[in-house]
Amino acid sequence: MLNLILFGPPGAGKGTHSIKLSEKYKLVHLSTGDIFRSEIANKTNLGLEAKSFIDKGKLVPDEVVLNMLFSFMDKHLDENGFVFDGFPRTIVQADKFGKMLEDRKISVSTVVSLEVNEEELITRLVKRGLASGRTDDTEEVIRHRLEVYNEQTKPLLEYYNKKNLLHTVYGVGSVDTIFEEICNVIEKNVKGKYDLI
Ligand code: AMP
C-alpha cells in the first residue's frame, strides 16, 4: 500500500492537494476533519461530541479520533493506499497509528509537509470562512487553531524526521506548481516500491 501523510498547519493546502493526490495515485482520501463535518451534518452522536471541540478550535480527543480512523481504515484495506489529511495531529495519535499499521503489516510510505507562513495562513482561512461559512474559520478561532498546531501538532515534524520519512515543500504559489513539487518528492522517495508510480 502507498500511505501518504500530507502534513501542515490549518490553511496550508492539505485538502486541495490530498484530493489531487488521491486522484493521481488512486488512493483513498482520509480527512478526519471532513469525516467530522459529515458526522456533524448528519447529527450523529460522534458529530455532536466533535462539534463542541471543533467550534472552539480545539482538537477532538485522541481516543475519539483513533476509533473513528481505525474503523474507517479497516473498511478500505484492500485498496491501493491512503492519503491522510489532518491526521495524525498529536504524538499519541502518531504512536497508536504506527502500532495499528504494524499490526496490519503496513507502514507510512512518506510524509510531505507543506510550509506556509502564519500571516498567509490567516489570510487564506479568513477568506475561506467568508466563502464557506465554516464555523471554525473566524479570526479568533483561527488564531487558537494555529496555537494548538504549534503546541500539539508541530512536534510531529521532528517525530517523522527521526524516522527519515519527512520531506518539506514550500506551499505558497500556484496550486499546479506546488502539486508538481509534491509529486516529485513522493516519486523520488517511494520510487520502485510501488507499481502504481
Ligand atoms: P481540518 O478540517 O483538518 O482543519 O479539521 C477541523 C477540525 O477537526 C480541527 O480543528 C479539529 O478540531 C478536528 N480534527 C480534525 N482532525 C483531527 C485530528 N486528527 N485530531 C484531533 N482533532 C481533529
Side-chain angles (χ1 to χ4, degrees), residues 3-22 27-74 76 82-101 108 111-116 118 120-157 159-160 165 171 182:
N3 295 314
L4 309 174
I5 295 178
L6 200 54
F7 188 86
K14 300 188 297 294
T16 303
H17 291 292
S18 294
I19 292 170
K20 288 170 77 70
L21 286 171
S22 68
L27 305 171
V28 178
H29 174 210
L30 203 170
S31 156
T32 39
D34 282 353
I35 300 177
F36 285 132
R37 280 184 288 278
S38 129
E39 297 282 331
I40 292 169
N42 292 320
K43 300 195 167 60
T44 65
N45 287 339
L46 175 61
L48 278 177
E49 188 180 3
K51 188 172 164 52
S52 60
F53 296 95
I54 293 174
D55 283 352
K56 294 190 200 98
K58 295 188 174 170
L59 293 183
V60 176
D62 289 332
E63 285 307 315
V64 176
V65 179
L66 287 161
N67 287 337
M68 177 185 85
L69 181 107
F70 292 167
S71 77
F72 183 98
M73 278 187 74
D74 279 336
H76 295 275
F82 296 90
V83 188
F84 295 94
D85 161 8
F87 179 90
R89 260 175 154 105
T90 64
I91 299 277
V92 171
Q93 290 180 16
D95 271 339
K96 297 210 168 155
F97 178 54
K99 291 200 181 79
M100 182 265 190
L101 295 181
V108 173
V111 179
V112 179
S113 167
L114 290 171
E115 262 191 3
V116 177
E118 208 150 283
E120 170 76 14
L121 293 172
I122 294 170
T123 309
R124 286 184 187 181
L125 290 168
V126 169
K127 209 165 138 192
R128 183 174 77 184
L130 291 174
S132 71
R134 246 180 84 161
T135 47
D136 57 347
D137 279 345
T138 59
E139 187 154 350
E140 197 191 334
V141 179
I142 291 166
R143 288 197 188 271
H144 186 59
R145 284 161 65 204
L146 291 173
E147 273 169 33
V148 168
Y149 169 80
N150 285 325
E151 281 165 21
Q152 301 189 52
T153 308
K154 215 175 171 181
L156 287 171
L157 287 173
Y159 179 95
Y160 284 116
L165 286 170
I182 294 172

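Excluded from the calculations below are hydrogen atoms, water molecules and symmetry mates; all remaining heavy atoms, backbone and side chain alike, are included. Start at 1 and go down the list; that is how both ligands and their atoms are numbered. Not measured: the values here are computed from a predicted model.
The distance from the CE atom of M73 to the CG atom of L66 is 11.0 Å, given to the nearest 0.5 Å.
Side chains of Q152 and T90: no donor on one and acceptor on the other come within 3.5 Å.
Using a 4.0 Å cut-off between charged side-chain N and carboxylate O, R128 and D136 make no salt bridge. Salt bridge annotation for R124-E120: present, with a cationic side-chain nitrogen under 4.0 angstrom from a carboxylate oxygen.
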Could you list each N/O atom of ligand 1 together with any protein N/O atom closer than 3.5 Å, one pair per line with the distance?
| from | atom 1 | to | atom 2 | distance (Å) |
| --- | --- | --- | --- | --- |
| ligand 1 | 2 (O) | R37 | NH1 | 2.9 |
| ligand 1 | 2 (O) | R37 | NH2 | 2.8 |
| ligand 1 | 3 (O) | R89 | NH1 | 3.0 |
| ligand 1 | 3 (O) | R89 | NH2 | 3.2 |
| ligand 1 | 4 (O) | R89 | NH2 | 3.3 |
| ligand 1 | 4 (O) | R134 | NH2 | 3.3 |
| ligand 1 | 12 (O) | K58 | O | 2.6 |
| ligand 1 | 16 (N) | T32 | OG1 | 2.7 |
| ligand 1 | 16 (N) | G86 | O | 3.4 |
| ligand 1 | 16 (N) | R89 | NH1 | 3.0 |
| ligand 1 | 19 (N) | G86 | O | 3.0 |
| ligand 1 | 19 (N) | Q93 | OE1 | 3.1 |
| ligand 1 | 20 (N) | Q93 | NE2 | 2.9 |
| ligand 1 | 22 (N) | V60 | N | 3.0 |

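Ring-plane geometry between F97 and F84 is classed as perpendicular, the angle between the planes exceeding 60 degrees on a 0 to 90 degree scale with a lower cut at 30.
When ring centroids are compared, F36 and F53 stay outside the 6.0 Å threshold.
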